[in-house]
Amino acid sequence: MSSPTPDALLGPADVRELAAALGVRPTKQRGQNFVIDANTVRRIVRTAEVRPDDVVVEVGPGLGSLTLALLEVADRVTAVEIDDVLAGALPATVAARMPGRADRFALVHSDAMHVTELPGPAPTALVANLPYNVAVPVLLHMLDTFPSIERTLVMVQAEVADRLAAGPGSKVYGVPSVKANWYAEVRRAGAIGRNVFWPAPNVDSGLVSLVRRTEPLRTTASKREVFAVVDAAFAQRRKTLRAALAGWAGSAAAAEAALVAAGVSPQARGEALTVEEFARIAEHKE
């Protein structure tokens, strides 16, 4: 495998030049903010603990800043890009800047929410700068669809990063926190400043690490059943679980019976429960 050239990664001038050549203007609609700092993308790859034998899937590669940094280290990289122009240009960028690795790169031109299979070997890692507006659904879809993904590192809006990594009892603990925890051990893995993006967003970004559970959560309830309890509990998060789960259970009395059977106080609120407790409630629905 040939080594990449020292200047293979994209700097600020490269990003603007590429964008201008393609007639690309980052759009708010797709939450596009391109990373223009080579040190930042290398830091992301290091934090993600990408290994030489990893098959990495990247969602929303944009102009290729992170893609190139991943290709420096990983065995293979598959990028999923929805934008027609960006998807059309990325293979050429990879070929021009890392010709020795171009055969280790694949592009899937699709909406990540609709991707159900990827070319080549099964992915072992997911590393992505996720568009702010779809970060959580895309993350959960990828973890659900590709159980071979062992390690994930995503860059998201700082507020979303806090929500994903929050534990029970936290003010920002909610549906994303519980659902991410169904699949993985989740933690905050760093902060990213605004000045490494073009255009600079008006929010800070954060890194979130997700390491897949070595064994799935032990429960007789299905994921769909557990997630239904989670959604119901947080739809009215100020209410006690007895009240919040009344619709889910069929009545407040039925909700109370399921809660008591699961060993959870009917007066508790969703923000106090672990994913394991939500699973126990799901198991006791009559």
Side-chain angles (χ1 to χ4, degrees), residues 7-50 56-73 77 79-83 85-86 89-90 93 97 112 125-140 142 152-166 170-174 176-177 180 186-210:
D7 60 349
L9 300 194
L10 300 174
D14 301 310
V15 170
R16 289 189 174 88
E17 205 174 289
L18 260 173
L22 297 170
V24 167
R25 296 183 72 84
T27 71
K28 274 191 178 173
Q29 179 198 350
R30 289 201 171 139
Q32 290 171 330
N33 297 90
F34 300 127
V35 182
I36 55 173
D37 179 59
N39 289 330
T40 297
V41 290
R42 282 206 173 104
R43 176 187 154 201
I44 290 169
V45 173
R46 274 199 313 276
T47 306
E49 297 179 8
V50 175
V56 179
V57 58
E58 179 191 9
V59 174
L63 292 165
S65 301
L66 179 55
T67 314
L68 294 167
L70 288 166
L71 276 167
E72 279 189 332
V73 181
V77 176
V80 180
E81 176 57 67
I82 189 173
D83 186 287
V85 175
L86 295 172
L90 189 54
T93 302
R97 301 189 79 91
L126 165 64
V127 184
N129 168 23
L130 289 177
Y132 292 161
N133 48 355
V134 294
V136 172
V138 165
L139 173 63
L140 296 177
M142 295 299 286
T152 295
L153 188 82
V154 290
M155 176 159 59
V156 293
Q157 189 173 334
E159 187 185 329
V160 175
D162 290 339
R163 275 195 211 136
L164 282 166
S170 160
K171 280 183 181 174
V172 293
Y173 182 71
S177 332
V186 190
R187 65 177 177 84
R188 260 298 213 129
I192 301 284
R194 304 175 187 196
N195 59 348
V196 303
F197 295 97
W198 172 71
N202 54 8
V203 291
D204 293 320
S205 298
L207 298 175
V208 181
S209 161
L210 301 97

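FYI, side chains are in, hydrogens and waters are out, and symmetry mates aren't considered; it's all heavy atoms of this structure.
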TODO: Report yes if some heavy atom in the side chain of L22 is under 4.5 Å from a heavy atom in the side chain of L63; otherwise report no.
DONE: yes
Open item on the list: Given 3.5 Å as the limit, does a donor-acceptor pair link the side chain of S65 with the main chain of V35, or not?
Closed with: yes
Open item on the list: Quick check for you: to the nearest 0.5 Å, what is the distance between L130 atom CG and E58 atom CD?
Closed with: 9.5 Å
Open item on the list: Within the 4.5 Å heavy-atom criterion, are T152 and V127 side-chain neighbours or not?
Closed with: no
Task: F34 side chain near L86 side chain, heavy-atom distance below 4.5 Å - done: yes
Open item on the list: Would you compute the distance between atom CG of L207 and atom CD1 of I44 and round it to the nearest 0.5 angstrom?
Closed with: 5.5 Å
TODO: Using atom types as modelled and distance alone, determine if a side-chain donor or acceptor of S177 lies under 3.5 Å from a backbone N or O of R163.
DONE: yes
Open item on the list: Tell me whether S170 contacts the main-chain N or O of A166 through its side chain, where contact means a donor paired with an acceptor under 3.5 Å.
Closed with: no
Open item on the list: With rounding to the nearest 0.5 angstrom, report the CG to CG distance, L126 to L210.
Closed with: 8.5 Å
Task: 4.5 Å side-chain heavy-atom contact, V57 and M142 - done: yes
TODO: Check whether any side-chain N or O of N33 sits under 3.5 Å from a backbone N or O of P199 as a donor-acceptor pair, and report yes or no.
DONE: yes
Open item on the list: Is there a side-chain contact between F197 and I192 in this structure, where contact means two heavy atoms from C-beta onward sitting under 4.5 Å apart?
Closed with: yes
Task: Between CG on residue L10 and OG1 on residue T93, distance to nearest 0.5 Å - done: 7.0 Å
- [ ] Flag the pair R97 / D14 as yes when at least one side-chain heavy-atom distance between them is below 4.5 Å, and no otherwise.
- [x] yes
Task: Minimum heavy-atom distance G62-E81, with the two atoms named - done: N-OE1, 3.0 Å
Task: Short side-chain to backbone donor-acceptor contact, R194 and N202, under 3.5 Å - done: yes
Open item on the list: Could you measure the distance from the CG atom of L153 to the CZ atom of R43? Nearest 0.5 Å is fine.
Closed with: 9.5 Å
Task: Partner of E72 under side-chain contact (heavy atoms from CB on, under 4.5 Å), chosen from V45, V50, L9 - done: L9
TODO: Look only at the side chain of Q157 and the backbone of E159, and say whether a donor-acceptor pair between them is shorter than 3.5 Å.
DONE: no
Open item on the list: Once rounded to the nearest 0.5 Å, what's the spacing between atom CG of L90 and atom CG of L18?
Closed with: 9.5 Å
Open item on the list: Is any side-chain heavy atom of L140 closer than 4.5 Å to one of V136?
Closed with: yes
TODO: For the residue pair V134 and P131, establish whether any side-chain heavy-atom pair is separated by less than 4.5 Å.
DONE: yes
